Amino acid sequence: AQVLELVFRSAASSTIPTLLLESFMMGVLLAFIPIGSYLLYVKSRSYMPFVSILWMVLVTMLTHWALSLRDLESTLAGRSMGFSTSLIDLAHAANASKAAAHGEHRAHHAHLGDGAVFGSVFVFGQAWRHLLPLVTETVLFGFASSLFAIAAYIVVRRSCSHWRSRFDLIIPAMVSLMYTLSLIHWAIALRCFTVLPKYAMSGAPLSFQTHIKGLDISLLIVFSLNAVMSDSIVLWRMCVVWERTSSVRMIGAVLLIATLGLNIANIVVLHRIMVYTRWFPRNSRDSEIITTYGLTPVGLAAAFLSLATNLFATVLVGTKAWIHRRQVSHQFGPKTRRTLAGRVMELLVESGVVYTAIWLLYCISFFRQITT
Amino acid sequence: LVTAVDHLDGAMAQLTSIYPLAVFILIALD
């Protein structure tokens, strides 16, 4: 157990920070290399050898990162040391060695023992549960940071040449706010992860639960704000595409108010459950590690309403794109090239379909694990 | 990918901000 504690300490202080940095860089490369390759390809075909080198670098880095992650997982699960680090298996092993030392046969009575080492292994275990969501989030945060840098460059370049009005800056401003919120979310998730190994190493009493609950609520508030803003952008785009038709605007407003209300209600309910330990009906099949929408009926309603909002907006934009294409081919003949408005609408539909599919997967994950 | 799909609770906060950013850049590139 003491060796295990040392291995965990070393993982927390050196291996995991390196892996997180590598994960962030993976996200950055996953954004810059495809966009850079596209720009070089459009500029001149003579850049193709350079582009293929970039992709080879990306594949090598991805392989290295995936192997590092697998190696870390195998260390934390104890496979590289030849035993299981699950608390029950450790208790069995400890009891078996005690029984052997005293010449008794008590190995089948597993209990956690009284040593501080078991407490420390338990808290480390809590930290490792937060690790994989954090690694995923760090890769995506690196990806979002690169996209934000590229978007900021586009906005600055355009503001020097042509912005028609201040209204054009609303979307860049909202996107900046959303990026800031996702930065805060990542910072809190990182804090959640770093607090636990510190408690484990200090050997302090298990008072970390209150601390972690506060951080979990903060994560939920930031995420809910981002989800509501993302839905509002989707609905706003739908209204613009439908040239602000009053019925579409009204449905959009109702959906937005309902999403906002359910998100606030979900935060209130989860705060009562976590902080005041009040009883509420709960979804026992929820597989989330960071509790968001999956635990209570109110949260599930908020998540499914967001899914419905995205689906509804995508279908309406798709319908408008189809009507637009029919009108263009009717007026200028079937072989007319796609117009700018048509291309933008197609892009909105395609991205809407991808985002809706991700929300659908997310909603399924509240009831069963997606992979085995 | 398996890690990402199994841990959408960590990923969704980032994906909500990636979505509008990606659409903005794709329209600008187009």
Side-chain angles (χ1 to χ4, degrees), chain A residues 35 38-39 42 69 130 132-141 143-144 147-148 150-151 154-155 158 171-172 174-175 178-182 185-186 189 219 222-223 226-227 229-230 233-234 237 287-292 294 340 343-344 347-348 351 354-355 358-359 361-362 365 369-371, chain B:
Chain A
I35 293 176
Y38 171 74
L39 291 176
V42 167
L69 185 60
H130 282 81
L132 290 180
L134 180 65
V135 167
T136 310
E137 188 171 353
T138 308
V139 175
L140 289 168
F141 177 61
F143 191 79
L147 293 189
F148 182 71
I150 295 166
I154 293 169
V155 170
R158 277 197 192 166
I171 289 293
M174 268 190 95
V175 161
M178 288 176 76
Y179 172 72
T180 311
L181 286 173
S182 63
H185 191 279
W186 178 77
L219 283 176
V222 175
F223 174 40
N226 248 2
M229 282 206 282
S230 177
I233 290 182
V234 167
R237 278 180 347 198
S287 64
E288 291 176 299
I289 292 169
I290 303 162
T291 310
T292 53
L340 179 67
R343 285 215 306 270
V344 169
L347 203 72
L348 294 184
S351 58
V354 173
Y355 189 66
I358 293 171
W359 260 104
L361 265 184
Y362 186 43
S365 78
Q369 272 210 312
I370 307 289
T371 66
Chain B
L1 268 176
V2 168
T3 307
V5 170
D6 266 347
H7 297 288
L8 281 170
D9 43 352
M12 285 310 286
Q14 301 299 323
L15 283 170
T16 46
S17 71
I18 286 173
Y19 177 44
L21 271 168
V23 174
F24 181 79
I25 290 168
L26 284 172
I27 291 175
L29 282 177
D30 199 37

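Each chain gets a letter, A, B and so on, in the order the sequences are listed, and its residues count up from 1. Bear in mind the structure is a predicted one, so any value in this text is a computation, not a measurement.
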Under 4.5 Å from a heavy atom of chain B, the part of [X] involved:
X       : answer
L134(A) : neither
V234(A) : side chain
S182(A) : both
L69(A)  : side chain
L39(A)  : side chain
I233(A) : side chain

Residue selection (most heavy-atom pairs with chain A, distance under 4.5 Å) from A13(B), A22(B), A11(B):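 Answer, by heavy-atom pair count under 4.5 Å with chain A: A13(B).
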
Chain B interface, residue from L140(A), L219(A), L361(A) that has the most non-hydrogen pairs under 4.5 Å: L140(A)

Nearest non-hydrogen partners of L147(A) and I25(B), listed with the distance: O-CD1, 3.2 Å

I289(A) versus D9(B), closest heavy-atom pair with distance: N-OD2, 2.6 Å

Counterpart residues, side-chain contact (heavy atoms from CB on, under 4.5 Å), relative to A144(A) (two or more places apart):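 Result, side-chain contact (heavy atoms from CB on, under 4.5 Å) vs A144(A): Y179(A), Q14(B), S17(B), I18(B).
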
Non-neighbouring partners of V175(A) that pass side-chain contact (heavy atoms from CB on, under 4.5 Å), sequence neighbours left out: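 Per chain and number, V175(A) pairs via side-chain contact (heavy atoms from CB on, under 4.5 Å) with I171(A), P20(B), L21(B).
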
From M178(A) atom CE to T16(B) atom OG1, the distance as rounded to the nearest 0.5 Å: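 Result: 5.0 Å between the selected atoms.
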
H185(A) and F223(A) aromatic ring geometry - parallel, tilted or perpendicular at 30°/60° bounds: perpendicular

